[in-house]
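First comes the structure, then the notes that go with it.
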Amino acid sequence: MCVDLDYFYAQCEEVRNPSIKGKPVVVCVYSGRTEESGAVSTSNYVARNLGVKSGMPIAFAKKALSKYPEAVFLPMDNEYYDSISNQIMNNLRSKSSYFEQSSIDEAYLDITNESSGDYSKAYNLGKEIKAEILENENLTCSVGIGPNKLVSKMAVDSTKPDGLILISPEEVQVFLESFPIGKLFGIGPKTEEKLRSLGIETVGQLASFDRQVLAHHFGEKLGPQLQDSARGIDERPVREREVEQFSRIVTLKQNANSFNFQDVLRPLAKDLSDKLLAANLLCESIGIIAITSQLKTKTRVRKTGSLTSSESEILDVASSLFQSFFSDENLELGGVTIRRVGIRVASFVKNITDSKETNLRDFL
DNA sequence: AATACCGGCGAGT
DNA sequence: TCATACTCGCCGGTATT
């Protein structure tokens, strides 16, 4: 079962302030560059039907809604969305023995045991979950049920918003085959173009295409995996996975070919350090992210050799990486202008140094 | 020749 | 012109063993 909270951030805002229901609601990430610069995070269906889509520049959304003075533009309130998400996810987690939260507003439940493999029982459980989320949080969601994650995800996407749909194993082929190729989960604009150039336009055509040719064009892993998806085959287990990395990134006030490392990077390093401490983790890999004025992403990483969660160490490594990044880029003729910069930490190890290991040390 | 690491890219919310 | 902030996964190249 895939549970997907409908137009999540915008719906949270409707719950907080019901008077905006029925108006176009646009939740924005303001970059701080100018008054209005930034991107649309999400919007409610009223706004979507007027052409406002996730990822579009805020200025475009304003233009699209210029005839609707009642339109509401709101900044993201992550803490608020997190708290609602956590409430719901903790409840969902208790519903099945195997649970996986795949994003702030989406989760998979392997309810094979709970339903004894009976799809009609699964369907009823879906109904209950929808009713419960509505009751507890006053939020609508959509539920897709199928034999695996891929099918449940395709199912839920097809029924949004406020939907409930069941695709039984016998129905999978017919359900999937007529989708245009770009609608298959995992196929974005680039892959869609490549597939179309091979004459593949529907999921059904991908399902019966020459597997070797796909492997040749997309790689030995990705090619077969794309075809498996098209065939409704997906063996990925429903399991909560450990977070493997996290990052913080900001937009610079203006594009530049350098910036003040201390001022810009320290808050990022602090956030990452706080998060590592809160999760009781140490990282042994620190990296930087630079997004150029042409919106190309460039990265550098350093395996530090030591385990750390310290703000100053993260800051030092990141600064040093940016230093060499800019000198690298200068060698390659002219250098680059940078729009956004960030820091990433990865390669985590659980920190046993403070609580448990004190005992161990005492013991030794 | 296998494995590790790096940087880029693609996809998703 | 207008273009956020994340996370995860794969690919291909190069370095290491």
Side-chain angles (χ1 to χ4, degrees), chain A residues 2 4-10 26-43 53-64 75-76 78 81-82 85 100-107 149-150 153-154 156-157 160 182-195 215-226 229 236 241-252 255 268 271-272 275 284-305 321 325 328-329 339-348:
Chain A
C2 183
D4 187 330
L5 305 173
D6 297 326
Y7 62 102
F8 182 53
Y9 298 167
V26 186
V27 178
C28 302
V29 186
Y30 292 97
S31 68
R33 241 181 198 210
T34 67
E35 192 67 15
E36 299 283 285
S37 67
V40 171
S41 180
T42 193
S43 55
K53 298 288 151 68
S54 291
M56 83 180 348
I58 294 167
F60 285 20
K62 296 243 154 163
K63 233 171 271 173
M76 293 252 280
N78 278 107
Y81 312 140
D82 274 339
S85 171
E100 178 180 334
Q101 183 176 347
S102 57
S103 76
I104 189 162
D105 68 344
E106 265 191 10
K149 292 208 283 191
L150 184 273
K153 172 63 180 161
M154 292 297 290
V156 79
D157 283 350
K160 285 193 257 200
K183 297 278 190 238
L184 186 64
F185 184 75
I187 297 182
K190 301 288 181 175
T191 311
E192 177 180 0
E193 257 329 289
K194 275 178 77 174
L195 288 167
H216 179 255
H217 284 276
F218 295 96
E220 291 297 329
K221 177 127 187 168
L222 205 53
Q225 189 192 96
L226 288 173
S229 292
R236 293 171 304 158
R241 290 157 301 165
E242 299 297 315
V243 173
E244 305 256 345
Q245 54 158 288
F246 38 83
S247 57
R248 283 281 283 119
I249 185 164
V250 290
T251 302
L252 296 172
N255 295 356
L268 307 185
D271 279 4
L272 293 172
K275 208 169 157 181
E284 56 181 333
S285 174
I286 297 170
I288 58 162
I289 306 153
I291 292 162
T292 67
S293 50
Q294 336 294 334
L295 301 183
K296 291 273 176 207
T297 302
K298 308 235 175 206
T299 62
R300 296 289 184 273
V301 255
R302 183 178 299 166
K303 272 268 188 197
T304 50
L321 284 169
F325 170 77
D328 283 1
E329 293 291 332
R339 180 183 180 92
R340 300 159 62 200
V341 297
I343 310 179
R344 169 155 59 217
V345 293
S347 303
F348 299 136

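In what follows, chains are A, B, ... by sequence order, proteins preceding strands, each numbered from 1.
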Exercise. Do the non-hydrogen side-chain atoms of A/R248 and A/I343 ever get within less than 4.5 Å of each other?
Worked result: no
Exercise. What nucleic acid atoms does A/S102 come within less than 4.0 Å of, heavy atoms only: base, sugar-phosphate, or nothing?
Worked result: nothing
For this session: Look at all strands and tell whether A/V243 reaches a base, only sugar-phosphate, or nothing, counting heavy atoms closer than 4.0 Å.
Result: sugar-phosphate
Exercise. Can you check whether A/K153 has a side-chain N or O nearer than 4.0 Å to OP1 or OP2 of B/dT13?
Worked result: yes
For this session: Please check if atom NZ in A/K183 has more than 12 non-hydrogen atoms from other residues, nucleotides or ligands closer than 6.0 Å.
Result: no
For this session: Compare the minimum distances between each of B/dA11, C/dT4, C/dC6 and the side chain of A/T251, then state the nucleotide with the smallest one.
Result: C/dT4
For this session: Could you please name the partner base of C/dG9, counting Watson-Crick and G-U wobble pairs only when both distances are under 3.5 Å?
Result: B/dC9
For this session: Please determine if A/D157 and A/K153 form a salt bridge, counting it only when a charged side-chain N lies under 4.0 Å from a carboxylate O.
Result: yes
For this session: Describe the nucleic acid contact of A/G55 in one word from base, sugar-phosphate, nothing, applying a heavy-atom distance below 4.0 Å.
Result: base
Exercise. Hey, does A/I187 reach any base, or is it just sugar-phosphate, or nothing, if we go heavy atoms under 4.0 Å?
Worked result: sugar-phosphate
Seminar exercise, completed: Taking a pair to mean Watson-Crick or G-U wobble geometry with both distances below 3.5 Å, C/dT4 pairs with none
For this session: Just call it for A/L222: base, sugar-phosphate, or nothing, with non-hydrogen atoms closer than 4.0 Å on any strand.
Result: sugar-phosphate
Exercise. Looking across every strand, which nucleic acid part, if any, lies under 4.0 Å from A/R241 by heavy atom: base, sugar-phosphate, or nothing?
Worked result: sugar-phosphate
Exercise. Roughly how far, to the nearest 0.5 Å, is the CD1 atom of A/I286 from the NZ atom of A/K303?
Worked result: 11.5 Å
Problem set entry | Residue whose closest nucleotide on DNA chain C lies nearer the 5' end, A/L295 versus A/K221 | A/L295
Exercise. Which part of the nucleic acid, if any, lies within reach of A/F218 when heavy atoms closer than 4.0 Å are counted: base, sugar-phosphate only, or nothing?
Worked result: sugar-phosphate
Exercise. NA contact type, A/S54, heavy-atom cut-off 4.0 Å: base, sugar-phosphate, or nothing?
Worked result: nothing
